[in-house]
Colleague: 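One structure is given below, represented as structure tokens, and several questions about it will come after.
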Amino acid sequence: MKKVQTRLTLPHEIEVKQQIDYKKIGIKILLYLPLLIWTVVTIYPFWYMVVLSTRSLAEIFAFPPPMWFGRALAENYRILLDRLPFWRNVWNSVYIAVMATITTLFFCSVGGYGFAVYEFRGKKLMFNIMLATMMIPALLGIIPFFIMMSYFGWINTPRALYIPGAASAYGIYLMRQYITSSVPLALVDAARIDGCSEFAIYRRIVLPIIKPGLGALGIITFLGSWDNFMGALVILRERMTYTIPVALRSFQGQAQTDYGAIMVGASIAVIPLVIVFLFMSKQLIAGLTYGAIKG
Amino acid sequence: MTELTMKNRLRRCYNRMIPYFFVSPFFAFFLVFGAFPIFFALYLSFHSWNGIATSPMVYIGWENYTYTLTDPMFWQALKNTVVMAIVSGVPQHILGLFFAFILNLGFVRLKNFFKATLFLPYITSTVAVSMVFAIFYGYPFGFANYLAVSLDKIPFFHAIFSLFNLEIPLKWLASPPLMIPTISTQIIWRWTGWNTILYLAGLQTIPQELYEAARVDGAKWHQVFFKITLPSLRPVMQFAITMSVIGGLQIFNEPFIMVGKNGGTGRAAYTLAMYLYQTGFEWGYFGGAAAISYIVFVLIFIASMISRRVLRSDEGVS
């Protein structure tokens, strides 16, 4: 009996034994239970958010709290649009996130290509400097970032929120790793012998191969930009220029916080991401763990 | 003839420049948006300045630093931040490791479903979710209080609640001892899945031969765990834990949204990032804020060095 117990923890063991063993089934259930509980914990806030978005303020403050949909969605939506130029705010978020993604993909793939396929003097030093800059915490830059943006006259402009981060060290590092492991140097050499220019090699040969890597970096960038609150809070001072997080938070300060309307806004901010995620969770997870594990 | 060699030379020179052309955008961006601002902040931290371009910067030496380091609010923010980083950070990794182990067992079905749902919180907007959590923990109407009140009706839980002197319904976000744990639940909710995925990827890189060899040698399960699994996970743990230390010391969104810019009752959830934000953007002491950012930088640097040192991966399995 004891021997069975020692084997249970070894993954491949469990698959090998075929006969019914009730103790083993019990342990299986015990192992599934925490997973199922955490799944509920994970999904519940999304559920709660959508439920509250369909409830009036009185219903939200009621006890017991609402657990199923109500009828106030249209009313909450109207309040949201009354108080905020909300679709304008959504557009700002989308615009900034898309521009951040495009610029980041371009500059990071170019940089990653440079570090992956060439040997040149000072390469190691330059690469190490780049890696070292990743250690600088974002918080250190927030004051000078604001001052600089005000000197440039970029306060209240979207470009303040996507240009400074366009050539991120993290992105270049990720792209270099990806190119090194997926693009054979022989292919680059062959193209060169065929008379392909260096930029054409990057554009015509390397870019198509690294599409999955670009996809992952693109999603990471998009999500990061969508969630960028402090930067947007500091730069965007006009209602019309707010991104969704800043717009939602501007709701808070008002005399009566209208939770139903906030939940409509929050749902609009989150649900599209959830839907996109459900379609590409596999690629996204693979991309996100790529840098961490293989690095 | 000379023209040809000239052309060749130009060509060679051009070829040699190509790699630099590809890697230079990073350095250009870094100089403009990274290095220069950081040095400027250092310069600024020795001056008194209100952030208005036309008003002069006055050199005041170390005063910003001495002021910050003697400001009780700074110490409170530091204490809160460290406590919040620990309270939110430790469970993330314990739960993450736990779920990764379960998911790595051969028999678990629906692996991709679990991976995706576990990971879901990571892709949200922290501000939107903080607002949901703020309502969830609302006093007295939130769902958390509904659970607390329901549990309180059961004698066993009632005894526990009265043992800890808890008044039901609870002021989750307004009574100082509860605020940090409450806010931390959201951070744990968001990052547990991320850590699970990292640890799972780490577990999958451990060669099966190691386990087989251990089994042949008759190793007990705890020996396998402590001698093979954990040491092999060290590099991943080093990365994951260092990331949470760095992130934990910069917590801003969650407390800022859930309890407000002043950190709530008695500033019990006031973090360093909030202190930095208020000093600069609300009170207009840009020099002081720059000094705070350097102090925070040093703290983060020391903390990440310690976590790297503690989790050094050079003694992994050979």
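Numbers restart at 1 for each chain; the letters A, B, ... are given by sequence-line order, proteins then strands. The structure displayed is predicted, hence computed values, not measured ones.
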Colleague: By a 4.5 Å heavy-atom criterion (distance strictly below it), what part of B:Arg190 contacts chain A: side chain, backbone, both, or neither?
Modeller: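 Contact with chain A: side chain only.
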
Colleague: Less than 4.5 Å to any heavy atom of chain B: does that hold for the side chain of A:Ile163, its backbone, both, or neither?
Modeller: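 Backbone plus side chain of A:Ile163, per the 4.5 Å heavy-atom cut-off to chain B.
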
Colleague: Counting only heavy atoms closer than 4.5 Å, note whether A:Met126 contacts chain B via side chain, backbone, both or neither.
Modeller: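 It is both, since atoms from each part get that close.
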
Colleague: Can you give me the closest heavy-atom contact between B:Met274 and B:Gly260, atom names plus distance?
Modeller: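 Smallest heavy-atom distance, with atoms named: CE-O, 3.3 Å.
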
Colleague: Below 4.5 Å from any heavy atom of chain A, which atoms of B:Ile135 appear? Answer side chain, backbone, both or neither.
Modeller: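 Its backbone and side chain both get close to chain A.
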
Colleague: Where on B:Leu200 is there a heavy atom nearer than 4.5 Å to chain A: the side chain, the backbone, both, or neither?
Modeller: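 For B:Leu200, there is no contact with chain A at all, as no heavy atom is under 4.5 Å.
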
Colleague: Measure distances from A:Phe107 to the heavy atoms of chain B and classify the residue's part below 4.5 Å as side chain, backbone, both or neither.
Modeller: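 Just the side chain, heavy atoms under 4.5 Å.
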
Colleague: Should the pair B:Phe119 and B:Tyr122 be assigned to parallel (<30°), tilted (30 to 60°) or perpendicular (>60°) ring geometry?
Modeller: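 Answer is tilted, since the angle falls between 30° and 60°.
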
Colleague: Measure A:Val234 against the heavy atoms of chain B and call it side chain, backbone, both or neither at under 4.5 Å.
Modeller: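 Contact with chain B involves the side chain of A:Val234 alone.
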
Colleague: Against chain A, label B:Ile300 side chain, backbone, both or neither, depending on which of its atoms sit under 4.5 Å from a heavy atom there.
Modeller: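 Looking at B:Ile300, just its side chain touches chain A.
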
Colleague: Could you tell me which portion of B:Tyr294 (side chain, backbone, both or neither) has an atom closer than 4.5 angstrom to a non-hydrogen atom of chain A?
Modeller: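 B:Tyr294 touches chain A through backbone and side-chain heavy atoms alike.
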
Colleague: Please classify the contact between B:Phe301 and chain A as side chain, backbone, both or neither, with a heavy-atom cut-off of under 4.5 Å.
Modeller: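 B:Phe301 has no heavy atom closer than 4.5 Å to chain A.
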
Colleague: Under 6.0 Å from the CZ atom of B:Phe39, do we count more than 12 heavy atoms belonging to anything else shown?
Modeller: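 No, CZ of B:Phe39 has 12 or fewer neighbouring heavy atoms, counting only those of other groups under 6.0 Å.
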
Colleague: Should we say atom OH of A:Tyr118 is surrounded by more than 12 heavy atoms from elsewhere, each under 6.0 Å from it?
Modeller: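 Yes, enclosed.
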
Colleague: Using heavy-atom distances under 4.5 Å, tell me whether A:Phe120 contacts chain B through its side chain, its backbone, both, or neither.
Modeller: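 Both backbone and side chain.
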
Colleague: So what's closer than 4.5 Å to chain A heavy atoms on B:Phe143: side chain, backbone, both or neither?
Modeller: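 Both backbone and side chain of B:Phe143 come within 4.5 Å of chain A.
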
Colleague: So for A:Ile262, is it side chain, backbone, both, or neither that comes closer than 4.5 Å to the heavy atoms of chain B?
Modeller: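 A:Ile262 touches chain B through side-chain heavy atoms alone.
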
Colleague: What class does the angle between the rings of B:His47 and B:Tyr43 fall in, given that below 30° is parallel, 30 to 60° is tilted and above 60° is perpendicular?
Modeller: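 Answer is tilted, since the angle falls between 30° and 60°.
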
Colleague: What part of A:Val110 lies closer than 4.5 angstrom to a heavy atom of chain B: side chain, backbone, both or neither?
Modeller: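 When you check distances to chain B, atoms from both the backbone and side chain of A:Val110 fall under 4.5 Å.
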
Colleague: Against chain A, label B:Val132 side chain, backbone, both or neither, depending on which of its atoms sit under 4.5 Å from a heavy atom there.
Modeller: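 For B:Val132, heavy atoms of backbone and side chain both lie under 4.5 Å from chain A.
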
Colleague: Return yes if a side-chain donor-acceptor contact under 3.5 Å exists between B:Thr185 and B:Tyr137, otherwise no.
Modeller: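 A pair is found: one side chain offers a donor N or O, the other an acceptor, under 3.5 Å apart.
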
Colleague: Is A:Met49 close to chain B through its backbone or its side chain, or both, or neither, when contacts mean heavy atoms under 4.5 Å?
Modeller: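 Both parts, backbone and side chain.
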
Colleague: For the residue pair B:Phe136 and A:Tyr48, categorise the inter-ring angle as parallel (less than 30°), tilted (30 to 60°) or perpendicular (more than 60°).
Modeller: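 The arrangement is perpendicular - the two ring planes meet at more than 60°.
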
Colleague: Given a strict heavy-atom distance threshold of 4.5 Å, which part of B:Leu103 is in contact with chain A: side chain, backbone, both, or neither?
Modeller: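 The answer is the side chain of B:Leu103.
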
Colleague: Does one side chain, of A:Tyr162 or A:Thr104, offer a donor that lies under 3.5 Å from an acceptor on the other?
Modeller: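 Note: A:Tyr162 and A:Thr104 side chains miss the donor-acceptor criterion.
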
Colleague: Regarding A:Arg249 and the six-membered ring of A:Phe229, is the cationic atom NZ or CZ under 6.0 Å from the ring centre and inside 45° of its axis?
Modeller: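 So A:Arg249 doesn't make the cation-pi contact.
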
Colleague: Taking the six-membered ring for Trp, are B:Phe40 and B:Trp49 parallel (under 30°), tilted (30 to 60°) or perpendicular (over 60°)?
Modeller: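 Geometry flag for B:Trp49 against B:Phe40: perpendicular rings.
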
Colleague: Does any heavy atom of chain A fall under 4.5 Å from the side chain of B:Val32, the backbone, both, or neither of them?
Modeller: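 Contact with chain A: backbone and side chain both.
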
